[in-house]
Chemist: 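Below you'll find the structure I mean.
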Amino acid sequence: MNNFLLSAGAIGLLTTAIHIFGGQITLIRPFLRTDLAHDIKGCLLVCWHLISAYLLLTSCLYVCAGFNPQPDQLLGLELLLNALSSFYILFAALFIVIGWIFFNAQVFYKLPQWVLLLPIGVLGFIGTGAV
């Protein structure tokens with residue numbers, strides 16, 4: 001068992017639930033009530049749920065790899081897990097950098113998503129031995 005990969009997956013599943021249920025209430029419902037054109041709303045809603053699917057599938061992959069870290073099998077999966085970890089760190093960085101443009105130092109609590117995304121990437125890298 002690989003506790004780092006399991007932790008990355010567990011945080012990922014928590015993040016998925018927060019994204020789907022919390023985001024639906026605080027972001028998506030108000031967004032859908034705006035006067036934006038339906039094609040824009042539809043496209044942005046698809047993008048929202050693409051992230052939902054990404055979070056769920058990658059979190060499950062971390063959990064599966066964490067429960068079954070066979071050295072010979074994990075080696076083939078290591079590149080994929082490191083790529084996913086890179087994405088999570090990149091996503092966290094995007095929240096901070098783009099958020100800084102809008103909120104300056106307040107980004108750290110105005111757009112707190114980075115708090116959940118960054119540990120997933122870091123734990124994923126530690127779990128594969130990349131760090």
Side-chain angles (χ1 to χ4, degrees):
M1 189 168 357
N2 185 319
N3 290 329
F4 292 109
L5 294 177
L6 285 174
S7 296
I11 295 170
L13 290 171
L14 172 67
T15 303
T16 303
I18 292 169
H19 177 82
I20 291 172
F21 298 108
Q24 190 73 28
I25 294 167
T26 62
L27 297 171
I28 296 303
R29 287 182 188 166
F31 160 72
L32 292 175
R33 285 188 229 119
T34 66
D35 292 332
L36 284 173
H38 288 297
D39 57 339
I40 295 172
K41 285 183 188 180
C43 185
L44 291 175
L45 190 59
V46 167
C47 291
W48 177 267
H49 288 297
L50 285 171
I51 297 301
S52 301
Y54 178 85
L55 289 169
L56 179 62
L57 293 174
T58 58
S59 298
C60 290
L61 183 60
Y62 279 122
V63 169
C64 289
F67 275 123
N68 190 17
Q70 304 279 335
D72 55 337
Q73 292 176 350
L74 186 57
L75 189 59
L77 196 55
E78 187 175 327
L79 181 62
L80 177 60
L81 292 171
N82 286 336
L84 296 177
S85 298
S86 298
F87 279 121
Y88 276 103
I89 291 171
L90 176 62
F91 293 164
L94 286 171
F95 270 102
I96 293 170
V97 170
I98 293 172
W100 191 273
I101 293 168
F102 291 97
F103 305 112
N104 294 318
Q106 294 176 340
V107 64
F108 297 111
Y109 66 88
K110 292 276 191 179
L111 293 178
Q113 293 87 337
W114 66 273
V115 171
L116 292 170
L117 298 172
L118 186 61
I120 296 169
V122 171
L123 289 166
F125 275 130
I126 294 170
T128 62
V131 177

Chemist: Side-chain heavy atoms nearer than 4.5 Å, only ILVMFWY residues, links allowed to pass through others: does that put Leu57 and Leu90 together?
Modeler: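 No, it is not one cluster - the side chains of Leu57 and Leu90 are not joined through contacts under 4.5 Å.
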Chemist: Which pair of non-hydrogen atoms, one from Asn82 and one from Ala130, has the smallest distance, and what is that distance?
Modeler: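 Here Asn82 and Ala130 meet closest at OD1-CB, 3.7 Å.
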Chemist: Look up atom NE2 in His38 and atom CG in Leu32, then write down how far apart they are to the nearest 0.5 Å.
Modeler: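 The CG atom of Leu32 is 10.0 Å from NE2 of His38, to the nearest 0.5 Å.
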Chemist: Inspect the surroundings of CZ in Phe125 and state if more than 12 heavy atoms from other residues, nucleotides or ligands are less than 6.0 Å away.
Modeler: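 Counting neighbours around CZ of Phe125, more than 12 heavy atoms of other residues, nucleotides or ligands fall under 6.0 Å, so yes.
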Chemist: Rounded to the nearest 0.5 Å, how far apart are OG of Ser59 and CG of Leu56?
Modeler: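 Here the interatomic distance stands at 7.0 Å.
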Chemist: A quick test of your reading: do over 12 heavy atoms of other residues, nucleotides or ligands sit less than 6.0 Å from OH of Tyr54?
Modeler: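 Yes - once you tally the heavy atoms of other residues, nucleotides and ligands closer than 6.0 Å, there are more than 12.
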Chemist: Looking at every heavy atom in both Ser52 and Ile20, which two are closest together, and how far apart are they?
Modeler: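 Nearest heavy atoms, Ser52 then Ile20: OG-CG1, 3.8 Å.
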Chemist: Look at the side chain of Asn2 and the backbone N and O of Phe4, then say whether any donor-acceptor pair between them is shorter than 3.5 Å.
Modeler: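 Yes; judged by distance alone, with no hydrogens or angles, the pair exists.
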Chemist: Can you tell me how far the CG atom of Leu50 sits from the CG atom of Leu55, to the nearest 0.5 Å?
Modeler: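 Nearest 0.5 Å value for the CG-CG distance: 11.0 Å.
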Chemist: Do Leu14 and Leu61 belong together in a cluster built from hydrophobic side chains that touch within less than 4.5 Å?
Modeler: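 Leu14 clusters together with Leu61.
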Chemist: Under 4.5 Å between side-chain heavy atoms, counting indirect links through other Ile/Leu/Val/Met/Phe/Trp/Tyr residues: same cluster for Leu94 and Leu27 or not?
Modeler: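 No, separate clusters.
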Chemist: If only atom types and distance count, is the side chain of Tyr62 paired as donor or acceptor with the main-chain N or O of Ser85 below 3.5 Å?
Modeler: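 Side chain of Tyr62 to backbone of Ser85, a donor-acceptor pair under 3.5 Å: yes, one is there.
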Chemist: Which atom names give the shortest non-hydrogen contact between Lys41 and Leu36, and what distance separates them?
Modeler: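 Lys41 and Leu36 have their closest heavy atoms at CE-O, 3.3 Å.
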Chemist: Could you grab the distance from atom CD1 of Ile40 to atom CG of Asp35, nearest 0.5 Å is fine?
Modeler: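 It is 11.5 Å, given to the nearest 0.5 Å.
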Chemist: Here's a test for you: under side-chain contact (heavy atoms from CB on, under 4.5 Å), which of Leu79, Thr58, Thr128 qualifies with Leu84?
Modeler: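 Only one option passes, and that is Thr58.
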Chemist: Group every Ile, Leu, Val, Met, Phe, Trp and Tyr by side-chain heavy-atom contacts under 4.5 Å, then state whether Val97 and Trp114 land in the same group.
Modeler: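 No.
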Chemist: Following the transitive rule for hydrophobic clusters with a side-chain heavy-atom cut-off under 4.5 Å over Ile, Leu, Val, Met, Phe, Trp and Tyr, establish whether Leu111 and Val115 coincide in one cluster.
Modeler: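 Linked, Leu111 and Val115 end up in one cluster.
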Chemist: Would you compute the distance between atom CD of Gln113 and atom CD1 of Ile96 and round it to the nearest 0.5 angstrom?
Modeler: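 Nearest 0.5 Å value for the CD-CD1 distance: 10.5 Å.
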Chemist: Measuring only between side-chain heavy atoms, which start at C-beta, is Leu5 closer than 4.5 Å to Leu123?
Modeler: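 Contact flag for Leu5/Leu123 side chains = no.
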Chemist: Hey, what do you get for CZ (Phe91) to OG (Ser86), rounding to the nearest 0.5 Å?
Modeler: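 Going from CZ on Phe91 over to OG on Ser86, the span is 10.5 Å.
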Chemist: Can you see which heavy atom on Val107 is nearest to which on Phe95, and at what distance?
Modeler: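 Scanning both residues, the minimum pair turns out to be CG2-O, 3.5 Å.
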Chemist: Considering all heavy atoms of both residues, which atom of Val122 and which atom of Ile89 are nearest to each other, and what is their separation?
Modeler: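 Answer, listing the atom of Val122 first, then Ile89: N-CD1, 4.1 Å.
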Chemist: Do Phe103 and Phe108 have side chains that get closer than 4.5 Å, going by heavy atoms?
Modeler: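 SC-SC contact between Phe103 and Phe108 ruled out.
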Chemist: Can you see which heavy atom on Leu117 is nearest to which on Tyr88, and at what distance?
Modeler: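 Nearest heavy atoms, Leu117 then Tyr88: O-CB, 3.6 Å.
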